[in-house]
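Data block below; observations after.
Each chain gets a letter, A, B and so on, in the order its sequence line appears, and its residues count up from 1.
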Number of protein chains: 2
Amino acid sequence: MLNEAENLDNSPAVDAEPERRVRDRGATERAILAAAKSLLAEEGFQNFGINAIARRAGSDKQLIYRYYGGLDGLVEAIGADLGTWVRDRIPEDAGGMFMLTYGDLMERLALLLLDALRNDPLMRRILAWEVSENTEQVRRLSEARSKALALWLDRMRGSLAPPKGVDAAAVNAVVIAAIQHLVLSGAAGGQCAGLSLKTSKDWEKAATALKRLVRGVYG
Amino acid sequence: MLNEAENLDNSPAVDAEPERRVRDRGATERAILAAAKSLLAEEGFQNFGINAIARRAGSDKQLIYRYYGGLDGLVEAIGADLGTWVRDRIPEDAGGMFMLTYGDLMERLALLLLDALRNDPLMRRILAWEVSENTEQVRRLSEARSKALALWLDRMRGSLAPPKGVDAAAVNAVVIAAIQHLVLSGAAGGQCAGLSLKTSKDWEKAATALKRLVRGVYG
DNA sequence: CCCCGCTGTCACCAATCGGTGAGTAGCGGG
DNA sequence: CCCGCTACTCACCGATTGGTGACAGCGGGG
């Protein structure tokens, strides 16, 4: 009993060192940032707070105030970290350059974005946060995400020009909106507007519909 | 309480004393439901709680437990209320019936839905809630909303059959996803994927792009 | 050597949360 | 007239929140 209580308390068994926190500010900062990112990705922004982050990082919340200046600064750090998103998701072949038509390109980009978002819980949570709140925190994060997405699209597009006679910016925004909502809705409830979004077969149907829409405009 | 000080301070019309609550259960129930709906519409689901609702309704939170069985029951009541959404948004001419082609119909429905959502804060908040959480509460509300939307679409569609060779269900789901995300994103941050969504001119651009996409598939 | 600064820990604060139990006030039927 | 039912109010609970001030311990520079 006593031993167990002791163990549960905070101090591990006598032999195993309690892993007395080494005095390493850098490591602590990284632990906090990682805890914040994983917490946001796994739990969403509902339970995203100082206490929960400190708990998950195994640090004291005081350190969050000291090192990041509170939640705001920490969120900003997450936003800065989002820049890495682009580097991680550019296929080596950078296929865009060799696409024949703008339609080929947009179809490919749409499907790539769909998959990328489906496999990125953090990005999904940020996206959900964006449409649910309008605080300064969210605005900063939103800007970082938006910038990363724009950069990614730009890199992938290469030098291919959109066709004349269509408001490509508007059309692409609508397509991206569809992709984002499909992913959000699917992740949250497994369906969207009556269309089930659970199995990979479901997602293929959605992807096919998406391709049809893109092709219908860009040929 | 405050009212006593108020009286001493600057006594208003003595007859107009709305102070004492009339003992009218029905009125109280309605006040609570209305408070909950307006609170959700105006503040969003972040601050949607027993205390806030009771505060806004001017009633004691105990009454929410008594009359609705807690937040869950109250949310369910809101969901039931959502059925009225359909009745309120069916244009008298029910134009769908006289549409020539499925493309005409879907284009009209898309634009109607876009406007309807843009002007319905409550529906928007519920929509945002749906993609942000996955609790039982939200699931019930989501189901009610989804049912209302499906019923509306069905009423509007009339007996017009979708064209062969296209997975109309999937395509329509993607279109609806785009509409919903455009509205959410626009309401929250005033833009979506780089496309500004503030002025009515902005929205016209989005609507035009939406029409192009629908027409591209359904002709 | 001692002392100061940085890292990490802990205790405590006020506010708010959802939830409950006990009590008050007014209307209506006997 | 009075009693009981019901609408309503209030006080309190434990838990959790964001936030702060004080303290312990190590280590490097004077």
Task: For atom CZ of Phe45(B) and atom P of dC17(C), their distance in whole Å - done: 17 Å
- [ ] Report the distance from atom CG of Leu63(B) to atom P of dG18(C), rounded to the nearest whole Å.
- [x] 16 Å
Open item on the list: Please tell me if Ser59(B) has a side-chain N or O lying less than 4.0 Å from either OP1 or OP2 of dC8(D).
Closed with: no
Open item on the list: From C-beta outward on Asn51(A), which listed nucleotide comes closest to its side chain: dT9(C), dC8(D), dG18(D)?
Closed with: dG18(D)
- [ ] Describe, in one word, how the ring planes of Phe45(B) and Trp129(B) are oriented to each other, choosing from parallel (under 30°), tilted (30 to 60°) and perpendicular (over 60°).
- [x] parallel
Open item on the list: Distance check needed: dA7(D) C1' versus Arg23(B) CZ, whole Å only.
Closed with: 4 Å
Open item on the list: So if I take every side-chain heavy atom of Gln62(B) and compare against dC8(D), dT20(C), dC10(C), which nucleotide ends up nearest?
Closed with: dT20(C)
Task: Non-hydrogen side-chain atoms of Gln180(B) and Ile176(B) separated by less than 4.5 Å - done: yes
Task: Selection from dC10(D), dC8(D), dG18(C) that lies nearest to any side-chain heavy atom of Tyr65(B) - done: dG18(C)
TODO: Take the protein atom CG of Asp60(B) and the nucleotide atom P of dG21(C), then report the distance between them rounded to whole Å.
DONE: 15 Å
Open item on the list: Checking contacts here: which listed nucleotide (dG19(C), dG19(D), dC10(D)) is nearest the side-chain heavy atoms of Lys61(B)?
Closed with: dG19(C)
- [ ] Using whole Å, report how far CD1 of Ile64(B) lies from C1' of dA7(D).
- [x] 15 Å
- [ ] Kindly point out which of dT7(C), dC8(D), dT6(D) is positioned nearest to the side chain of Arg25(A)?
- [x] dT7(C)
TODO: Give a yes/no on whether any side-chain N or O of Thr28(A) is located under 4.0 angstrom from OP1 or OP2 of dT7(C).
DONE: no
- [ ] Output the single nucleotide from dG19(C), dC8(D), dC26(D) whose closest atom is nearest the side chain of Ile50(B).
- [x] dG19(C)
Open item on the list: Which nucleotide wins on minimum distance to the side chain of Arg66(B), given the candidates dC8(D), dT17(D), dT9(C)?
Closed with: dC8(D)
TODO: Provide, to the nearest angstrom, the distance between the CG atom belonging to Asn47(A) and the C1' atom belonging to dA15(D).
DONE: 14 Å
Task: Asp202(A)/Lys205(A) ion pair, N-O < 4.0 Å - done: no
Open item on the list: Could you go through Arg89(B) and Asp120(B), starting from their C-alpha distance and side-chain angles, then the distance that decides it, and tell me whether this counts as salt bridge (charged side-chain N to carboxylate O under 4.0 Å, His left out)?
Closed with: CA-CA 11 Å; Arg89(B) 334 230 148 215; Asp120(B) 193 326; 3.2 Å; yes
TODO: Could you tell me whether Arg139(B) and Glu143(B) make a salt bridge, using a distance below 4.0 angstrom between a side-chain N and a carboxylate O?
DONE: no
- [ ] Would you mind reading off the distance between Gln137(B) atom CD and dG18(C) atom C1', rounded to a whole angstrom?
- [x] 12 Å
Open item on the list: Expressed as a whole number of angstroms, how long is the span from Phe48(B):CZ to dT16(C):C1'?
Closed with: 17 Å
